[in-house]
Amino acid sequence: MIIGLTGSIASGKSTVSKMLKELGYPIIDADLVARIVVEKGTETLETIKDIFGEVVISKDGTLNREKLGNIIFSSPHDRKQLNDIMHPAIREEMLRQKDVLLQDGYDTIVMDIPLLFESKLQSYVNKILVVTVTEETQLVRLMARNNYSLEDAKARIQSQLPLSIKEKGADAVIYNNGTLEDTNEQLKKILSIWDN
Ligand SMILES: CC(C)(COP(=O)(O)OP(=O)(O)OC[C@H]1O[C@@H](n2cnc3c(N)ncnc32)[C@H](O)[C@@H]1O)[C@@H](O)C(=O)NCCC(=O)NCCS
Ligand SMILES: Nc1ncnc2c1ncn2[C@@H]1O[C@H](COP(=O)(O)OP(=O)(O)OP(=O)(O)O)[C@@H](O)[C@H]1O
């Protein structure tokens, strides 16, 4: 079974992903894959440089993530351009990692895909698990974790589909406003139902 783990920025995907890893599930992390495909020397990074200019490349030749993030999170047009460049490479690498895990004998794999709904990847997974929080909780945690201003935090939240829509498209929802123990209990209950 392929579980698609998603939510929105700072809703708690990585937190739940860590819990899944501790329970022995292999994880394919789209955000990590998104870092692999733009490593120094990749074709994808060259294309990003051609489109967005040297301004998004640091002195050591690596991607200046903060500069590119500031550009794309405030411009839907630039964000679409970046997605068109990066998403095919991300999908290819995620599917490669999935095949390796299936060959290694895993029968349940977790794909942590923040943009599962935005990129219409529902057909890549068998079950969709959405981690959701209230907007207030999301803002507070995002600003605390990344030291973003309220404006930057809101720009990033608004660059993704609302959690209310994702909850409707989920096979199961984890409400992550409480304690980590509470979230863990919800996760284990969902897995016990799915694993039967
Ligand atoms: C623009 C980049 C370089 C900024 O890097 P930075 O380290 O500052 O942010 P990070 O990667 O941790 O992403 C922050 C949050 O934004 C989300 N996010 C990333 N890209 C996008 C996007 N194109 N649209 C909406 N949300 C996004 C991430 O899932 C995460 O929740 C980076 O976000 C990126 O490469 N984005 C394009 C690739 C992508 O779409 N990744 C999502 C995989 S599903
Ligand atoms: N139940 C919780 N109680 C308190 N803090 C939490 C809880 N869940 C997550 N957090 C904290 O909130 C922040 C966001 O959580 P996390 O990084 O798991 O979200 P995410 O969805 O993976 O975010 P991103 O999409 O940006 O990677 C982190 O600092 C995390 O430690």
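Heads up: numbering here begins at 1 and tracks the sequence. Counting starts at 1 for both ligands and their atoms, following the listed order.
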With a 4.5 Å cut-off on side-chain heavy atoms, are [Y] and [X] touching?
X: Asn147; Y: Met143; result: no
X: Gln81; Y: Ile72; result: no
X: Ile128; Y: Leu5; result: no
X: Met86; Y: Ile48; result: yes
X: Arg35; Y: Leu63; result: no
X: Met1; Y: Ile3; result: yes

Which ligand 2 atoms, with their elements, are less than 4.0 angstrom from a heavy-atom of [X]?
X: Ile9; answer: 25 (O), 26 (O)
X: Gly178; answer: 1 (N), 2 (C), 3 (N)
X: Gly12; answer: 15 (O), 16 (P), 18 (O), 19 (O), 20 (P), 21 (O)

Per-atom filter on ligand 1: closer than 4.0 angstrom to a heavy atom of Ala30 are 43 (C), 44 (S)
Output the list of atoms in ligand 1 that are nearer than 4.0 Å to some heavy atom of Ser159, sorted by atom number. 25 (C), 26 (N)
To the nearest 0.1 Å, how far is [atom] from its closest protein heavy atom, and which atom is that?
atom: atom 36 (N) of ligand 1; value: Leu82 CD2, 4.1 Å
atom: atom 22 (C) of ligand 1; value: Leu115 CD1, 3.6 Å
atom: atom 18 (O) of ligand 2; value: Thr15 OG1, 2.6 Å
atom: atom 8 (N) of ligand 2; value: Asn176 ND2, 3.0 Å
atom: atom 28 (C) of ligand 2; value: Arg145 CD, 3.8 Å
atom: atom 43 (C) of ligand 1; value: Asp31 OD1, 3.8 Å
atom: atom 12 (O) of ligand 1; value: Arg35 NH2, 4.2 Å
atom: atom 33 (O) of ligand 1; value: Phe73 CZ, 4.0 Å
atom: atom 15 (C) of ligand 1; value: Ile9 CD1, 3.5 Å
atom: atom 26 (N) of ligand 1; value: Gln160 NE2, 3.0 Å
atom: atom 22 (O) of ligand 2; value: Ser14 OG, 2.5 Å

One thing to verify: whether [Y] and [X] come together as a salt bridge, which I'm taking to mean a side-chain N less than 4.0 angstrom from a carboxylate O.
X: Glu118; Y: Lys166; result: yes
X: Lys80; Y: Asp84; result: yes
X: Glu151; Y: Lys154; result: no

How about Thr44 and Thr47: does a side-chain donor come under 3.5 Å of a side-chain acceptor? no
Between the side chains of Gln138 and Ser8, does any donor sit under 3.5 Å from an acceptor? yes
Rounded to the nearest 0.5 Å, how far apart are CD1 of Ile190 and CG of Asp171? 10.0 Å
Heavy atoms only: which of [options] lies closest to [atom]?
atom: atom 6 (P) of ligand 1; options: Lys80, Glu118, Arg65, Met94; value: Arg65
atom: atom 41 (N) of ligand 1; options: Gly7, Ala34, Ala10; value: Ala34
atom: atom 11 (C) of ligand 2; options: Met19, Met143, Arg141; value: Arg141

Heavy-atom gap [X] to ligand 1 smaller than 4.0 Å:
X: Met86; value: yes
X: His87; value: yes
X: Arg79; value: yes

Within reach of ligand 1, part of Ile72 (heavy-atom separation under 4.0 Å): side chain
Does some non-hydrogen atom of Ser11 fall short of 4.0 Å from ligand 2? yes
Heavy-atom contacts under 4.0 Å between Ser8 and ligand 2: side chain, backbone, both, or neither? backbone
Hey, is Lys13 touching ligand 2 through its side chain, its backbone, both or neither, going by heavy atoms under 4.0 Å? both
Kindly confirm or rule out a cation-pi arrangement of Arg79 over Phe73, judged by NZ or CZ under 6.0 Å from the six-membered ring centre and within 45° of its axis? no
May I ask you to check whether Lys13 has an N/O atom sitting below 3.5 Å from an N/O atom of ligand 1? no
Is the closest N or O pair between Glu66 and ligand 1 shorter than 3.5 Å? no
For atom 24 (N) of ligand 1, is the nearest protein heavy atom closer than 4.0 Å? yes
Flag yes if more than 12 heavy atoms outside Glu135 fall under 6.0 Å of its CD atom; otherwise flag no. no
Quick check on Tyr25: does its OH atom have over 12 non-hydrogen neighbours (other residues, nucleotides or ligands) under 6.0 Å away? yes
Output yes when the distance from some N or O of ligand 2 to some N or O of Ala10 is under 3.5 Å, and no in every other case. yes
Identify the two heavy atoms, one from Tyr175 and one from Asp182, that lie closest to each other, and give their separation to 0.1 Å. O-OD2, 4.3 Å
Can you give me the closest heavy-atom contact between Tyr148 and Ala153, atom names plus distance? CB-N, 4.0 Å
